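Bear in mind that the values here come from a model prediction, so they are computed numbers and not experimental data.
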Amino acid sequence: MDKNIEFLKYIYMSAMKARDACENVAYVCETEDMLTLLDTRVYDYDALMSECIEKLDSYNLDLLKEKTIIKKIKDEKNIKSNIFSYDFLEVNEIEKVDDSFLAKQLIKGASAGKIDVSKKLSNGQNIYTKGIKKIATKLLTIEDKNIKQFKEYV
């Protein structure tokens with residue numbers, strides 16, 4: 001498979017994982033401000049994921065097949081994400097789960113995602129097209145914004 005397509009799918013999956021985390025945290029956050037911030041993050045990730053799908057379409061792939069693969073992976077990720085959220089709340093007593101704790105977890109996730117995508121982007125500088133690099137950079141920008149904004153809750 002083309003390295004550009006592979007990385008594009010990886011970006012899509014990274015955005016989806018982060019989106020799902022924000023969506024799951026929204027169910028247990030305490031304040032309207034945090035909920036609004038999480039909704040904004042979900043919107044940003046959705047926009048990036050749509051851009052990934054459009055870019056995949058430009059490769060003239062059998063997009064129906066690609067969307068089916070992405071949907072299958074998304075369904076599996078949602079199941080894992082929901083299980084994670086449940087375990088996350090079981091391990092930590094409900095009383096201890098406040099916006100500060102949730103923000104710290106989201107910062108950890110955004111930081112890890114940023115590091116991982118940055119490494120892949122750096123390793124593929126001479127392989128990836130300008131359009132793919134631009135999408136990856138958008139994801140990194142979203143993660144930077146997350147880290148900065150969620151720090152306000154810590």
Side-chain angles (χ1 to χ4, degrees), residues 4-57 63-64 66-124 128 131-154:
N4 284 289
I5 295 169
E6 222 173 89
F7 188 47
L8 192 56
K9 285 182 180 181
Y10 181 82
I11 294 166
Y12 179 94
M13 292 302 150
S14 296
M16 184 179 60
K17 184 178 176 184
R19 180 206 182 280
D20 291 346
C22 288
E23 199 169 58
N24 286 331
V25 166
Y27 290 108
V28 293
C29 70
E30 295 178 314
T31 63
E32 279 296 315
D33 288 346
M34 176 70 119
L35 184 59
T36 300
L37 177 57
L38 291 165
D39 286 344
T40 303
R41 296 288 68 87
V42 167
Y43 175 82
D44 289 345
Y45 288 122
D46 280 343
L48 186 72
M49 290 163 59
S50 293
E51 195 171 340
C52 288
I53 293 292
E54 286 177 29
K55 193 69 174 169
L56 278 171
D57 191 28
L63 198 56
L64 181 60
E66 293 301 319
K67 283 184 179 176
T68 301
I69 290 168
I70 288 172
K71 183 185 180 325
K72 182 180 179 199
I73 293 170
K74 183 176 181 182
D75 289 344
E76 290 170 5
K77 293 267 187 192
N78 278 338
I79 290 167
K80 289 177 185 171
S81 184
N82 289 335
I83 289 169
F84 168 77
S85 293
Y86 177 75
D87 289 345
F88 165 78
L89 293 175
E90 286 296 308
V91 171
N92 301 287
E93 298 173 27
I94 296 290
E95 303 86 50
K96 293 181 183 176
V97 178
D98 59 7
D99 284 355
S100 175
F101 176 81
L102 296 170
K104 287 176 191 173
Q105 298 305 309
L106 291 167
I107 290 168
K108 282 171 54 176
S111 298
K114 183 181 169 190
I115 290 167
D116 203 30
V117 171
S118 293
K119 282 182 186 175
K120 289 187 181 300
L121 183 58
S122 178
N123 291 339
Y128 305 132
I132 304 272
K133 291 177 193 176
K134 185 178 177 183
I135 293 171
T137 301
K138 283 183 183 180
L139 178 58
L140 295 174
T141 300
I142 292 170
E143 298 297 25
D144 281 336
K145 190 188 293 185
N146 285 347
I147 292 165
K148 181 180 178 186
Q149 291 181 321
F150 288 125
K151 278 184 180 179
E152 294 174 17
Y153 291 88
V154 177

TODO: Rounded to the nearest 0.5 Å, what's the gap from CD on Glu54 to CE on Met49? Could you check?
DONE: 13.0 Å

Task: Qualifying residues under side chain to side chain donor-acceptor pair (under 3.5 Å), relative to Lys55, sequence neighbours excluded - done: none

- [ ] Any chance you could measure Leu106, atom CG, to Phe101, atom CZ, to the nearest 0.5 Å?
- [x] 10.0 Å

TODO: Could you grab the distance from atom SG of Cys29 to atom CG of Leu37, nearest 0.5 Å is fine?
DONE: 9.5 Å

- [ ] Begin with the C-alpha distance, continue with both residues' side-chain angles, and end with the deciding distance and a verdict on side chain to side chain contact (heavy atoms under 4.5 Å, CB included) for Asp99 and Asp33.
- [x] CA-CA 10 Å; Asp99 284 355; Asp33 288 346; over 6 Å; no

Task: Rounded distance [0.5 Å steps], CD in Glu51 versus OH in Tyr12 - done: 13.0 Å

Open item on the list: Looking at Ser111 and Ile107, would you say the former's side chain and the latter's main chain have a donor-acceptor pair under 3.5 Å?
Closed with: yes

Open item on the list: I need the Lys9 NZ to Ser14 OG distance, nearest 0.5 Å.
Closed with: 14.0 Å

Task: Step-by-step side chain to side chain contact (heavy atoms under 4.5 Å, CB included) determination, Asp46 to Val42 - done: CA-CA 6 Å; Asp46 280 343; Val42 167; 3.8 Å; yes

Open item on the list: Tell me every residue that passes side chain to side chain donor-acceptor pair (under 3.5 Å) with Asn123, counting only those two or more places apart in sequence or in another chain.
Closed with: none

Open item on the list: So, taking the atom named OG in Ser50 and the one named OH in Tyr45, what distance separates them when rounded to the nearest 0.5 Å?
Closed with: 15.0 Å

- [ ] Determine the minimum heavy-atom distance between Phe150 and Leu38, stating which atoms define it.
- [x] CZ-CD2, 3.8 Å

Task: Of Leu121, Asp44, Val117, the residue whose pairing with Leu139 passes side chain to side chain contact (heavy atoms under 4.5 Å, CB included) - done: Val117

- [ ] For residues Tyr43 and Thr40, determine if any side-chain heavy atom of one lies less than 4.5 Å from a side-chain heavy atom of the other.
- [x] no

TODO: Please report the shortest heavy-atom distance between Lys104 and Val154, naming the atom on each side.
DONE: CE-CG1, 3.6 Å

Task: Shortest non-hydrogen contact between Lys114 and Leu140, atoms and distance - done: O-CD2, 3.5 Å

- [ ] State, to 0.1 Å, how close Cys52 and Ile11 come at their nearest heavy-atom pair, and which atoms those are.
- [x] SG-CG2, 3.9 Å

Open item on the list: Give me the atom names and distance for the closest heavy-atom approach of Tyr153 to Met34.
Closed with: OH-N, 3.3 Å

